[in-house]
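To start, the structure under review is shown below, and the notes come after it.
Remember, predicted model here, so these are calculated numbers, not experimental data. Atoms within a ligand are numbered from 1 in the order they appear, just like the ligands themselves.
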Amino acid sequence: MTAGVLPQALTVLQRVWGYPQFRGNQGDIVQTVAGGSHALVLMPTGGGKSLCYQVPSLLRPGTGIVVSPLIALMKDQVDTLRQLGVRAAYLNSTLTASAARAVEQALQDGRLDLLYIAPERLLLPRTLDLLRQSEIALFAVDEAHCVSQWGHDFRPEYQQLSVLEQQFPQVPRMALTATADDRTRADIRRVLGLTGAPEFLSSFDRPNIQYRVTTKEQPRQQLLDFIRSEHPGDAGVVYCLSRKSVEDTAQWLKMEGLEVVAYHAGLSQQERSRAQERFLKEEGIIVVATVAFGMGIDKPNVRFVAHLDLPKSMEGYYQETGRAGRDGLPSTAWMVYGLADVVNVRRMLADSDAPPDIKRIEAAKLDALLTYCETATCRREVLLAYFGETTAGPCGNCDVCLNPPVVRDMTREAQMALSAAVRTGGRYGGAYLVDILLGKENDKNRRHRTLPTFGIGKDHDARVWRSVLRQLVSLGYLTAGPYQGLMVTAKAKYVLKGERPLLLREDTLIPRVSKRAREK
Ligand code: ADP
Ligand code: ZN
């Protein structure tokens, strides 16, 4: 039905953007939507989603309405389009009343090809009236995963976008997102009325990114070694959980002589813009940041993304690491994590006052992330499987592939560690349990020195025990109680009784991957 559309679409692409051809499945998507159908588009960041709605908006009569939560980016996007000669505008809370009125008039008069609009603005009865009186080419809902509580970026107003189907049933709707597992996809289809609409899934694989996860020992020193040995002078992003650790880490790296800027939500708007500006314009700047940094940052030659703390979820991890290597050149996603991180995130989740069903979702997401961290199989396979993609086999470009971990039956060690937790009443943290296992006397453990578990684990060093404890928490055999005390869970009894053998990684015994990788 749309056989005639593609040549026209190509003409528009070449004339307006100066690109010779569509990338990946852009052409199919453009044809589908230009022909009047709905579509669900899943494409990784940097894949080229914008053209998927911009080109059909130019091909169809009327204005393409782009719903986007990223108000801060609208002006830039619109300016870029105007430079290309596209009649674009935006409506959001940053406009003065008179500027907004001018845009509304232009829409009604049919003088706009594209209109970017914030969801809360679109949902105003007044705006919906205006849209009904105008000719609409299509609705493009960008960042569509925001409709889902399962997504990492839930926005309640997105759920009300079901009005689009109710009030404009004839107008093609497209949902676009860079991150959507099965559940998020189902939510998007339900809310935006896309049952039966074709789905365009691009591979999420970023083959040029090398994924690496290392045990946290001395995180800053490890980070510095990594940067110095593999990415000297390169631009990179270092993610930390808290503002304080951003400040401390940035300060420390600066003192070590690196070009560093800090970025977090506690800085003034001006300081943040300056940091962002330097990162974008200068060569080889490292940004140490909280996750507040990165939305809409399009710097092609970011050579590494480092995590000093666990991200919130696999989606978060994928998004954050995805900021590396947009230019397709070799880049590294590097992360350190340890027992304390696992205990902390589990604890934070248990303590949050989110409703039970949200907590269950969060717990499942955290489990997926921890599985990724602890995996003894190809990391890329685990990552892509999470996004519903199957791979042809191990990737050869992650730490597990490059340096396969030794996996050993550690049931006996696990039993020792679990008994230490049981015998001390589940009230003590990892460091205390390690001392018990090693038989190391300290000021606090006088009354536990007579336990049969005291010193039972002398055959291994502290790093092995931290690793065992961390994996037991990750795998859900131990859980953090009040005051971070490690308690055994119900399923630990299978291990204690020897009914379930436990295969654990000997991760602390492995030499650093970085060195090996470089020798190749
Ligand atoms: P996304 O929204 O999926 O993150 P964008 O739409 O911002 O990605 O596109 C990422 C980059 O790729 C942009 O610089 C864009 O101009 C470029 N791009 C997209 N499609 C093409 C194409 N067909 N040919 C050349 N460059 C393209
Ligand atoms: Zn691999």
Next on the checklist: Is a donor from one side chain sitting under 3.5 angstrom from an acceptor on the other, for Arg470 and Tyr337?
Outcome noted: yes
Checklist entry - Among protein heavy atoms, which lies nearest atom 14 (O) of ligand 1, and at what distance? => result Asp298 OD2, 4.3 Å
Item to check | Top protein contact for atom 16 (O) of ligand 1, by heavy-atom distance | outcome: Tyr19 OH, 2.5 Å
Checklist entry - What is the ring orientation for Phe293 with Phe279, classed by angle as parallel under 30°, tilted 30 to 60°, or perpendicular over 60°? => result perpendicular
Next on the checklist: Pairing donors with acceptors under 3.5 angstrom, does anything connect the side chains of Tyr386 and Tyr372?
Outcome noted: no
Checklist entry - Closer than 4.0 angstrom: is that true for some heavy atom of Met43 and an atom of ligand 1? => result no
Checklist outcome for this item: Ranked by distance from atom 7 (O) of ligand 1, the top protein heavy atom is Ser50 OG, 3.7 Å
Next on the checklist: Assess whether a salt bridge exists between Arg346 and Asp367, defined as any Lys/Arg side-chain N lying under 4.0 Å from an Asp/Glu carboxylate O.
Outcome noted: yes
Checklist outcome for this item: atom 20 (N) of ligand 1 sits nearest the protein heavy atom Gln26 NE2, 2.9 Å
Item to check | Passing candidate, side-chain contact (heavy atoms from CB on, under 4.5 Å) with Met410, options Leu502, Val468, Leu503 | outcome: Val468
Checklist entry - Do Glu199 and Arg185 sit within salt-bridge range, that is, some charged N less than 4.0 Å from a carboxylate O? => result yes
Item to check | Parallel, tilted or perpendicular, as decided by the 30° and 60° cut-offs, for the rings of Phe226 and His231 | outcome: perpendicular
Item to check | Within reach of ligand 1, part of Phe22 (heavy-atom separation under 4.0 Å) | outcome: backbone
Next on the checklist: Given the Zn ion (ligand 2) as the apex, I'd like the angle to SG of Cys398 and SG of Cys401, rounded to 10 degrees.
Outcome noted: 100°
Checklist outcome for this item: Short version for Pro20: what comes under 4.0 Å of ligand 1, heavy atoms counted, is neither
Item to check | Heavy-atom nearest neighbour of atom 17 (C) of ligand 1 within options Arg23, Gln21, Gln77, Arg326 | outcome: Arg23
Item to check | Flag: protein heavy atom within less than 4.0 Å of atom 10 (C) of ligand 1 | outcome: yes
Next on the checklist: Can you report which non-hydrogen protein atom sits closest to atom 4 (O) of ligand 1, along with the distance?
Outcome noted: Gly46 N, 2.6 Å
Next on the checklist: Closer than 4.0 angstrom, basic N to acidic O: yes or no for Asp142 and Lys49?
Outcome noted: no
Checklist outcome for this item: In this structure, atom 21 (C) of ligand 1 is nearest to the protein heavy atom Leu51 CD1, 3.7 Å
Checklist entry - Got an N/O contact under 3.5 Å between Gly48 and ligand 1? => result yes
